Amino acid sequence: MLMTASHSTEKPPILIVLHQENSSPGRVGQMLAEKGYPLDIRRPVLGDALPDTLSEHAGAVIFGGPMSANDPDPFIKTETDWIGIPLKENKPFLGICLGAQMMVRHLGGTVGAHKDGLTEIGWYPLRPTEHGRLLMQQWPRMVYHFHREGFSLPHGAELLAEGDAYGNQAIRYGANAWGLQFHAELTRAMMQRWVVRGEHRFIMPNAQRGSEHLEGRMIFDTPLKQWLWGFLDLVFDREKGTENGQIETMRLQRAAGD
């Protein structure tokens, strides 16, 4: 495991679960460190153990990876089962892409490919639901994807944002468990690596060319980055996230009255 430095060590660490040797928590990790959280980075696929409790952690994030939540690998089952710990302890949990799909499977939902074989690889529209708008007024109009499987909406979960090819894009279960199908965590360097290494996937149905990935970043990344900062407050600092949402609501109300 690796504990990264932060501006303040007064807060407990956030558990970061990654799925490849060279994977990075990217912008999520950078922002959490800026918010004062140390990062406890673990890679179960490489043999790192997960904690039996999150009593010493502020929460957890399970990131994406090239594998499927349906794969039979032991670490997939280990991580999927482990999600029961933050759910039972009511600790903040965020699943991103594969991490969200693991959470859905833990909750009894399903993960699978689009019925017409469509992928989401590139930038695609995002639409917040009424639940999503109540939590955050401002959502990004376009978000970045790199997947060919989606997840169902488990019983008891709320749909916060939806898309076209894959309808379920952001969900919440209970007060503290969240799942995102899209990637807001990519730095520019990470996206460039993904575009180079994933070039063979760009011929898949509904996938975009590599140039569209980088061109879209120039247009759509700034609002996505701004949204992520506030969303992380909503997940890991509910009081601050709620306060920011109330301020944004008042700003929009004032603007509507002008």
Side-chain angles (χ1 to χ4, degrees), residues 17 19 28 59-71 76-77 79-185 205-206 224 227-228 230-232 234-236 238 241-242 245:
V17 180
H19 295 106
V28 166
V61 185
I62 296 184
F63 284 78
M67 57 287 295
S68 169
N70 296 319
D71 286 348
I76 295 286
K77 184 180 188 308
E79 290 184 34
T80 302
D81 292 344
W82 178 87
I83 291 171
I85 291 177
L87 294 181
K88 180 180 178 180
E89 297 180 354
N90 202 25
K91 283 282 191 171
F93 172 81
L94 172 60
I96 298 175
C97 198
L98 175 63
Q101 294 170 357
M102 288 176 169
M103 181 180 79
V104 166
R105 290 210 65 190
H106 181 89
L107 294 171
T110 59
V111 172
H114 190 279
K115 62 181 179 61
D116 296 323
L118 300 182
T119 65
E120 285 182 324
I121 300 176
W123 294 89
Y124 300 89
L126 184 76
R127 297 181 300 276
T129 64
E130 182 179 357
H131 285 301
R133 287 190 295 269
L134 287 173
L135 289 169
M136 298 183 71
Q137 288 290 330
Q138 292 287 356
W139 286 73
R141 183 172 61 87
M142 300 285 284
V143 292
Y144 189 69
H145 290 272
F146 216 106
H147 69 98
R148 51 182 175 174
E149 290 185 322
F151 54 76
S152 67
L153 187 66
H155 178 72
E158 294 177 337
L159 182 62
L160 305 181
E162 55 190 358
D164 293 335
Y166 290 84
N168 300 327
Q169 293 289 335
I171 63 173
R172 181 175 71 164
Y173 181 80
N176 286 314
W178 311 75
L180 302 176
Q181 181 60 77
F182 55 90
H183 294 278
E185 79 276 15
N206 201 45
L224 181 59
W227 171 85
L228 179 62
F231 180 71
L232 291 175
L234 192 63
V235 175
F236 294 105
R238 180 60 56 80
T242 301

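Note that the coordinates shown come from a computational prediction; the quantities given were computed from them, not determined experimentally.
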Set of residues satisfying salt bridge (Lys or Arg N to Asp or Glu O under 4.0 Å) with respect to Asp71, sequence neighbours excluded: none
- prompt: When rounded to the nearest 0.5 angstrom, what is the spacing between CG in Leu98 and NE2 in His19?
  reply: 5.0 Å
message: Once rounded to the nearest 0.5 Å, what's the spacing between atom CH2 of Trp139 and atom CZ of Arg133?
response: 10.5 Å
message: Suppose the criterion is side-chain hydrogen bond (donor to acceptor under 3.5 Å, both in side chains): which pairs have a residue in residues 159-170, not counting sequence neighbours?
response: Glu120-Gln169, Arg127-Asp164, His145-Gln169
query: Nearest heavy-atom pair of Ala100 and Gly179: which atoms, and what distance?
result: CB-CA, 3.7 Å
query: So, do Leu159 and His131 sit near enough that their side-chain heavy atoms are less than 4.5 Å apart?
result: no
task: Supply the atom-to-atom distance Gln101 CD to His106 NE2, rounded to the nearest 0.5 angstrom.
output: 16.0 Å
field: Counterpart residues, side-chain contact (heavy atoms from CB on, under 4.5 Å), relative to Ala60 (two or more places apart)
entry: Leu15, Leu54, Trp82, Phe93
- line: In short, Leu118 meets Ala165 closest at the heavy-atom pair CD1-CB, 4.3 Å
field: Shortest non-hydrogen contact between Pro154 and Leu107, atoms and distance
entry: CB-CB, 3.8 Å
task: Could you give me the CA-CA distance, side-chain angles and deciding distance for Val104 and Ile171, then say whether side-chain contact (heavy atoms from CB on, under 4.5 Å) is met?
output: CA-CA 10 Å; Val104 166; Ile171 63 173; 3.8 Å; yes
query: Which atom pair, heavy atoms only, marks the closest approach of Ala113 to Glu149?
result: N-CG, 4.0 Å
message: Minimum heavy-atom separation for Phe236 and Pro92, please, with both atom names.
response: CD2-CB, 3.6 Å
- prompt: In chain order, what residues pass the side-chain contact (heavy atoms from CB on, under 4.5 Å) check against Pro66, with sequence neighbours excluded?
  reply: Gln20
message: Tell me if a side-chain donor or acceptor on Arg105 pairs with a main-chain N or O of Thr80 at a distance below 3.5 Å.
response: no
message: Tell me if a side-chain donor or acceptor on Asn70 pairs with a main-chain N or O of Val111 at a distance below 3.5 Å.
response: yes
query: Considering all heavy atoms of both residues, which atom of Pro140 and which atom of Leu224 are nearest to each other, and what is their separation?
result: CG-CD1, 3.8 Å
query: How many angstroms lie between atom NZ of Lys88 and atom CD1 of Ile83, to the nearest 0.5 angstrom?
result: 16.0 Å
query: How would you list, by chain and number, every residue that makes a ring pair (Phe, Tyr, Trp, His ring centres under 6.0 Å) with Phe231, sequence neighbours excluded?
result: Trp178, Trp227
- prompt: Which residues satisfy the side chain to side chain donor-acceptor pair (under 3.5 Å) test with Arg148, sequence neighbours excluded?
  reply: none
- prompt: Quick one: does Asn206's side chain get under 4.5 Å of Asp116's, heavy atoms only?
  reply: no
- prompt: Rounded to the nearest 0.5 Å, how far does CG of Leu87 lie from CE of Met103?
  reply: 7.5 Å
- prompt: Distance from Leu160 atom CG to Leu126 atom CG, nearest 0.5 Å?
  reply: 10.0 Å
task: Kindly indicate whether the side chain of Gln181, heavy atoms from C-beta on, has any atom under 4.5 Å from the side chain of Cys97.
output: yes
task: Start with the C-alpha gap between His183 and Glu185, add the side-chain angles, then the distance that decides, and say whether side chain to side chain donor-acceptor pair (under 3.5 Å) holds.
output: CA-CA 6 Å; His183 294 278; Glu185 79 276 15; 2.8 Å; yes
